[in-house]
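Report on the structure given below.
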Amino acid sequence: MNSGAESSTDSGRAGEVVLELIKLRKSFGGVVAVGGLDATVHQGEITGLIGPNGSGKTTTFSLITGTTRADSGNVLLGGEEITSWRTHRIANRGLLRTFQLTRVFPQMTVFENLTVRSGARRVTRESLVWELAEIVGLHTKLDEYAGALSFGQQKLLELVRASALQPSVMLLDEPFAGVNETMERHLVDFIQHVRRERKCSFFLIDHEMQLIMELCDHIYVIASGSLICEGPPAVVQADQATRQAYFGSGFIAGARR
Amino acid sequence: MIYALMASGLNLIFGVLHVLNIAHGEFMFGGAFVSWFMWNELGFHPLLTVPFAAVAMFLVGVVLQVGLIERVMKENIVVSLILLFGVSLAVQGIGIRLFSVNPRVISHYEGSFDIGGVLLAKSRLTVALAAIPVLVLVHLYLKYSKYGIATKATAQNAEIAEACGINVQRVRYVTMGLAGAMAGVAGSLTIIILPFTPQSGFSYGVIAFVVAVVGGLGSFYGSIVAAVLLGVGQNVLAWKTDQLLSDALIYLFLVAALVIRPSGLASLAKAGTR
Amino acid sequence: MSLLPLTTLGTTAAAQLRRRQLVVISTGMGMAILLFALPQFLSNAYQTKIATETLLYMGLAVSWTLFSGFSGYVSFGHAAFFGLGAYVTGLATQRHDLGLVAALSLSFLLVGAFASAVGLLTLRLRGHYFAIATLGLAEAMKATVDWGHSYTLGTFGFALPIDIVNRAQETKYYVMATFLIVVVAVGIAILWSSYGLRLIAIREDEIAAEALGISPALTKISALGISGAFTGLFGGLFAWTQGFLTPEAVFAPRWSLELVVMSIVGGAGTLVGPLVGGLVFYLLPEVLIENKVILQRRDELYLMMVGIVLIIVMLFAKQGIFGTLQRSRFWPKGFRL
Ligand SMILES: Nc1ncnc2c1ncn2[C@@H]1O[C@H](COP(=O)(O)OP(=O)(O)OP(=O)(O)O)[C@@H](O)[C@H]1O
Ligand SMILES: [Mg+2]
C-alpha cells in the first residue's frame, strides 16, 4: 500500500485508503461536469456522494471505472494508478459498479445474468451467488428473462451480480431510487452484509437523504462538479453551504424527501 | 451529384427513422423507369418527367413506411434491414417481369461540349445542373419549413419531439416520401446518362451507402460533401491509374474513414468549428 | 443478518440444464448418422450435388452465426473471408502443389488470422458502423485479387488441379457433412460455455458486460477469428467441390447477404436458425426448380418469392423461424440452441 499517495488528511477515518481520486476533471464541450475532485474511500467504510441533479455524480463514477475518460487527474485503487486502464481490467481488479439506469442483460435469464462472469459450472459449486440471490428474493426467479423483471428487481439483480464477484470496492449509483420501502430495508441489510462478510467498501450515490445519513460513515457533497463539503453525516447535515446548495432552506435534518 | 441525391436521402432516413434503407436503390429504379416510360411511350421531354418521378416515388415511400416499416420501428435495426432487403428483391423480381433484364436508356442528349480541351458529355452536364436545384430545394425545405424543423427535432430526439406536440409518425411518413422522391429524381436523371436495368438500382444503393457513411450517418450535408469528394476522387483515380485500383481504394477509403472517424465527415466539421 | 445455510438453488438449475443438453446431444448424434446415411437414398449424382451445396450453405451460415449471431455485431463482409478461403485453397493447390488437407488447413488458419486482424481494426466501431464498414470488405478483397493478377491468376479465375478435384460426388458430400458437423459442434460448445454467454452479454449490453470485467475487444476479436476461420474453410471446400473459381464468383456480395438473411430468418442468434435458413433458402428453391415451378435460381419469380418470404417473416416472426419458437412459452426459458 502506497501511503505516500494519500493526500487526504481527514483524521478519524478508520481503515486504509482503498480508492483515491486526485484532482479528477472532466468537461463535456463547455460544461464542466467534474471539476478537479479529490475524494477517498476507506477500507470497510460506506462513503456517500451526494449533490443536486446534474452535479456530476454519475460522471465521477464513470471516470473511476474508465467508462468515460478523464481530462486530467488520477484514480488510485489500493494505491495503484488505474486512471488509463480499460474498464474490464479495473473490474477484474475488484472495483465494480451498478448503473443509475439498470443495465441487466434483458434476453438472458436471471440465472445467466448471475453466472455470466464466472461460468455456470464454477458458480454452481460456489454457494455465494445463490446465497446473495436468496437474501433479496431473486432465487424464485432464476428462470425468468431479466428483461421481464420489474425495475426494482432489475436493480437488485444488478447489485447481486456485481457483489457475487467479490469486489473490494463497489460503486452504487442510486441503488434506492424506485425501490419500495420493504425492499429498501432488504437492500440496506444486503449492503451491510456484503460489507461485513465480504470486506467490501462502498461508494454510494443517492438522493434518499435519511438512508444516506444512516448508512454512510463519510459523505462528500458536490455541486456543479466541485466539492462543497465533506465529513461524517452530522457534520454534513450541519453545514450551511450544503443546506443552501442542496437541501434548500426548507430542509429539516432527518426528514424524508 | 447523383450520389449526393441518393446518399443524402439515405441519411435523412437513417437520421429520422434509424433504418438502413437497403431498398433505396429500388426507388432509383422506380424513378428511372417512370421517366423512361414517359419518354419512350408518351414522348415527354426527359427533364419534364423528373417531377413525375419524384411525386410517384414520394407516394411509394409513404406507402412503404405506412404499410411495412412503421410496424418494425421498435425492433432491432436488422429487422427493418432484412424487411427492406425483401422489398428490394421483390421489386427487382417485379421489375424484371415488367421490363425484362434488358438495359434501358434515354438517349435524348447526344454529343458533348468541349471546354478548354476537356470533353464533357451534354447529358452529364445537364444532369449535374438539374440535380443542384433539387438539393437546394430540399435544403431550403429542411431549414425553413415547419415540417423541416419538425423533421430535425424528430431526428434529434423523437420522444421529446413527440412530447412537444409534433406528429412524429407523420414526420416519418414525409421523410420516407421525401427520401424516396430524391432517389426517384436520382434515378430519372441517371437513366439519361447511363443504361439502367431493374437490378442496377441495388448497386447504386450500395455505393450510396458508402457515401452516406463517409459523410456521417444521419448527416444530410456531410453526405453531399462526401458525394462530391468521392465522385471526383473516383474519376480522377480511374483516369490517372487504372480502374481496378480506384475501386479498391474507394473501399479502403471507406474502412479507413470509419476507423479514424466513425461519425464521418460531419463530425470533423463540427470539431473544426468548435 | 446472519449467513444463510448453503442453498442448492444453483445446483438444481445447473442439473436441469445438463439434462436438456444431454437430450440435444443425443438427438444431434442421431441426426448426424442420418446425414451420413442420406446419400443411400438419393437417386443420382445431381441430387447429391445439391445436398452437398445445401450443407455448404448451412455450414457458412453457422460460421457467420458464431460471431454475428452471438455477439450481435452484424457482419456484411463474410464474403471476403469466404472468397479468401477459396483463393487460399485454390492457389495452394494450383501454384504450390499442396495437398487438399494442407490447403484447407491453410485456409482455416490464414483466414482466421485475417479475420482477427479485421476485427482488430474495425471492432472499435459499435453497432451499425461495424456492419457498414464490413460492407466494403469483400469488394476491397476482390479488387485486390484483380489487382495482384500476376499472382492470383487474374479476373478470369482458374481451375484447381484435376487430380485433387476429381472425386466422386459422394466423397465430397461426406467431407462437407463432416465439416458441417464439426462447425455445429463447435457452435454448441461455444453457446453452452461461459465464453458464449460472454458473447451474448456483449450483444445484450456491451457497457454492462465491460463493467463486469468482460473484455469486449478480446471476446469479439477471438469470435470473429473463429467465425472467419470456418468461413474460410468452407470457402476452400467450395473451391474444391466446384473445381474452379473466379473473383467475381467467390467475392460476390450475395454471399455476405445470403448468410445474414439465412441466419436471421432461420432464427437470429440461434444455432438451429442457420440450419433452418439453409434448408429454406437453398434446398427449397432447388426443389422448386426440379418441379419446374421456377426456371432457375435468381429469376424473377424467385426474387419475388424470396422477397415476400423475407417481408412476411420479418413482420410476423421478428426473431426468425426458430428464434420465435425459442422465445415462445413452449420452450424452456434460457435454454439456448
Ligand atoms: N455524455 C455527456 N455529454 C454531455 N454532457 C454530459 C454527458 N454526461 C453528463 N453530462 C453533463 O454533465 C453534468 C453532470 O451529469 P451527471 O450525470 O454526472 O449528473 P448526476 O450528478 O449524476 O445527476 P443525477 O442526480 O440527475 O443523476 C450534467 O450537466 C450533464 O448534462
Ligand atoms: Mg446520476
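We find that C/E210 and A/R86 are not joined by a salt bridge, their nearest charged nitrogen and carboxylate oxygen being 4.0 Å or further apart.
Of all non-hydrogen atoms in A/F99 and C/A208, the two that sit nearest each other are CE1-CA, 4.2 Å. What you find for A/A91 and C/A211 is that their closest heavy atoms are CB-O, 3.3 Å.
Note on A/Q192, A/R97, A/E112, A/R161: by heavy-atom pairs under 4.5 Å with chain C, the leading option is A/E112. Taking A/E158, A/E144, A/M108 one by one and counting their heavy-atom pairs under 4.5 Å with chain C, the maximum is reached by A/M108.
In summary, the side chains of C/R327 and A/Q107 do present a donor paired with an acceptor at a separation below 3.5 Å, with no hydrogens or angles considered.
Here the side chain of C/D205 pairs no donor or acceptor atom with the backbone of A/F105 at under 3.5 angstrom. Checked by atom type and distance alone, the side chain of C/R198 never pairs as donor or acceptor with a backbone atom of A/V116 at under 3.5 Å.
Interface remark: A/T67 contributes side-chain atoms only to the contact with chain C (heavy atom separation under 4.5 Å). There is no contact between C/A217 and chain A, counting heavy-atom distances below 4.5 Å. For a residue to count as touching a neighbouring chain, one of its non-hydrogen atoms must lie under 4.5 Å from one of that chain's; by this rule C/R203 does not touch chain A.
Between A/R89 atom CZ and C/S215 atom OG the span is 11.5 Å, to the nearest 0.5 Å. Distance check, rounded to the nearest 0.5 Å: OG1 of A/T65 to CD1 of C/I207 gives 10.0 Å.
Heavy-atom contacts from other residues, nucleotides or ligands closer than 6.0 Å to CG of A/L101 number 12 or fewer.
Here the side chains of C/L212 and A/H88 are not in contact, with every heavy-atom distance at 4.5 Å or above.
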